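All remarks here apply to the structure that follows.
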There are 2 protein chains.
Amino acid sequence: MELNDRKKRILQAVVSDYIETAEPVGSRTIARKYVTDLSPATIRNEMADLEEMGYLEQPHSSAGRVPSVMGYRVFVDNIMEKYKLSVMETIRMQEVMNEQAQQFDKLIEKASRVIASVTNYATVAVSTGHKRSKLKAIQIAPVSSKEMVLIIVTFDGTVKNKLIRLKNDVEPEDAVRLSKEMTGRLSGLSLNEISLETINSIKNEFYSLEELVGAIIGFVSEVIGEIDSKQVIVDGGVNLLKFPEYSNIEKAKEILEVLDNKEQLSNMISLPMPTGNKVNILIGDEKNGVKLKDCSLVLCNYEFNGSSGTIGVIGPTRMDYARVVSALEYLCEGMRPQLEGGVTKNDQEKK
Amino acid sequence: MELNDRKKRILQAVVSDYIETAEPVGSRTIARKYVTDLSPATIRNEMADLEEMGYLEQPHSSAGRVPSVMGYRVFVDNIMEKYKLSVMETIRMQEVMNEQAQQFDKLIEKASRVIASVTNYATVAVSTGHKRSKLKAIQIAPVSSKEMVLIIVTFDGTVKNKLIRLKNDVEPEDAVRLSKEMTGRLSGLSLNEISLETINSIKNEFYSLEELVGAIIGFVSEVIGEIDSKQVIVDGGVNLLKFPEYSNIEKAKEILEVLDNKEQLSNMISLPMPTGNKVNILIGDEKNGVKLKDCSLVLCNYEFNGSSGTIGVIGPTRMDYARVVSALEYLCEGMRPQLEGGVTKNDQEKK
DNA sequence: ATTAGCACTCAAAGTAGTTGAGTGCTAATA
DNA sequence: TATTAGCACTCAACTACTTTGAGTGCTAAT
């Protein structure tokens, strides 16, 4: 049997209505609200076909139809129309993009927050590719003779700092010299390219600053660890509670617990880097080993000053895919490298 | 009527059992499990008295008794026995205290996490008193000739940084000079004592570095803003979902939404600085304007290198107060100033 | 090919009836 | 006089049964 035009129209009606109401959709409803040129009986016949083809399901024999995972799939891939973001929505997203464009880590945090609030689902973001981000500078800023702030800056604009207290005095000049030297030797290397030999040679050269050098090395490895164990940001978990699919606590707990488990989330999101920075939609079934039956996940990759990552929206399978996709695309597009005086795509569109 | 010893025993039984089971407690249960030397009938009479006195309530006429807010109050103030923390519990808390003792902001984050996981309720922490924390140093660390990391360090060990990009080149020497000068002039001042005049005089003196000085001033005011608008940390919200009082979604949503609203939380927690760093227990009724009827809040103040704050546990009124109080007291005690070589109270106890 | 009509299905909502944990009161007991 | 056994009473929670209505599939008419 072929998915002809009429069948498509009816499938679209079922999915759209179900997305809106969360109730099984009957033939009458469709005839009244969507496909007014056909009678319920005809629609019933078509729906029976669609069910046979695997696009629809019936919760029980006298209920309306509900989209199956396959149904959502073709809806998302072939039927769904592009959602046009409202002005308010674009403004809210742009505000964030403009505000804090320098610091990678903060940027993602803000981005997650907007996406959660614009889509009304939950957001998850991880920064991968980070690993490859190269060291730009190591700075030692003396606070007092025994206290230093260590700073590591990478090429993507991530800044990590640590306040340390030393037992021995260190002259500010020495600190400056050391940081210059370390920056010189280590700059351009990716964080995990820094070898023990390099470190040791610095250690030998600055044997008088042994304690400080030790602290720096400790900090560097700490930062490597931190950056490698990708940062996972979650926002908008509570949003999900307003959907009827989570009105029973067990379901709600299930998903909120997943959102609380950064480890698991990271696995779920970061494995399946799909094509370019197109959005990728995972529906229903198990996603990367994490089983969240009735959830969908819309993922989008972003890039920013050489670092990249994935930001995703988690919600019920009955998610407003069109809106979510548009929002994510707009945001990720707007997050492309912001070089000095650079113009992002969204800016251009506005003109 | 007087709250004699026998009544106290029975009240204790009711509260303890209700805390454990979340079910109304009947006279038989008490006679079997707690007050074995009295018959159910006698206990019934006493319970009727306790109800008349306002310490107990009946959900309906043929149910057992449940503690009233007043009942919890006297339980907490006069009846409850101190809970002795298990070794595991103390170890878990100490690990955190020792690990990241230098940086104030990170410390509180970790502390919240442990408390949530040790108590199995939700934790909320704010850092107040921060406002009074004094500026220790302003550092400018050049990354390249056009990029600088600005760093502000306060006396309590808070470090804030920001990566900025300038239009004009700045010589590293100038940056060093400027940061020395600014540290010299501003160090020791609390963040909101920094006056416009001081700022302007620096601006005049370093007119050639106008852009950089401008950026720094912007950053300083940003940091003041950030520190004044207290940082609110929340953890363990999902923990609450396992309690039957939140098995209906509306209730769950209500409390999780409060936990999501940092503004509201901050008001709820930070207003009622009670005596010293003793714990303070708010039961049931409205707390500082936020109405969360069936919740209790156990608060404890901490101090750390001159900054202070409040950490609190939120849970159902039927909370294991004794355990929560002990955990909070232990933790806040352990968080006292960690000066070089200093010994905290908990360390001493161990010996 | 479409549709009106009708019998059929089944979850959800409503209606009793039953059960059992718990109470309060009274009269017997230590 | 304080305690307790005994008993009638209450009421949420559970079960079993009925009703309702939205929705279906099939058939015969258009």
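What you see is a predicted model; the values in this text were computed from it and never measured. Every chain is numbered from 1 and lettered A, B, ... according to where its sequence line falls, protein lines coming before strand lines.
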Can you give one letter per nucleotide of nucleotides 18-30 of chain D, 5' to 3': B if a protein heavy atom sits under 4.0 Å from the base, S if only from the sugar-phosphate, - if neither? ----BSBB-----
Base-paired stems in DNA chain D, each at least three Watson-Crick or G-U pairs under 3.5 Å: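 If one scans DNA chain D for consecutive Watson-Crick or G-U pairs, the stems found are C:1-30 with D:1-30.
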For A:Ala31, does its backbone N or O pair with a side-chain atom of A:Thr36 as donor and acceptor, under 3.5 Å?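 Here the side-chain-to-backbone pair does not exist.
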Nucleotide [N], atom [atom2] - distance to [atom1] of [X] in whole Å:
{"X": "B:Leu38", "N": "C:dA30", "atom1": "CG", "atom2": "P", "value": "17 Å"}
{"X": "B:Ile30", "N": "D:dT3", "atom1": "CD1", "atom2": "P", "value": "16 Å"}
{"X": "B:Arg6", "N": "D:dT1", "atom1": "CZ", "atom2": "C1'", "value": "12 Å"}

Chi angles and distances behind the side chain to side chain donor-acceptor pair (under 3.5 Å) call for B:Asp294, B:Thr317: CA-CA 5 Å; B:Asp294 309 308; B:Thr317 357; 4.9 Å; no
Using a distance-only test with no angle check, is there a side-chain donor-acceptor pair under 3.5 angstrom linking B:Tyr83 and B:Glu329?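 Short answer, no.
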Distance from A:Glu245 atom CD to A:Ser247 atom OG, nearest 0.5 Å?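 The OG atom of A:Ser247 is 8.5 Å from CD of A:Glu245, to the nearest 0.5 Å.
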Quick check on DNA chain D: between B:His60 and B:Pro40, whose nearest nucleotide comes earlier from the 5' end?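 The answer here is B:Pro40.
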Option from A:Glu23, A:Glu51, A:Glu46 for which salt bridge (charged side-chain N to carboxylate O under 4.0 Å, His left out) with A:Arg65 holds: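 Exactly one candidate clears the test, A:Glu51.
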If the threshold is 4.0 Å, N to carboxylate O, is there a salt bridge linking A:Arg9 and A:Asp5?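 The answer is no: the pair does not qualify as a salt bridge.
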For the ring pair A:Phe243 and A:Tyr121, is the centre-to-centre distance below 6.0 Å?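 That pair passes the under 6.0 Å test.
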The test is side chain to side chain donor-acceptor pair (under 3.5 Å); show your working for A:Tyr34 and A:Thr29 and say whether it passes. CA-CA 8 Å; A:Tyr34 302 91; A:Thr29 315; over 6 Å; no
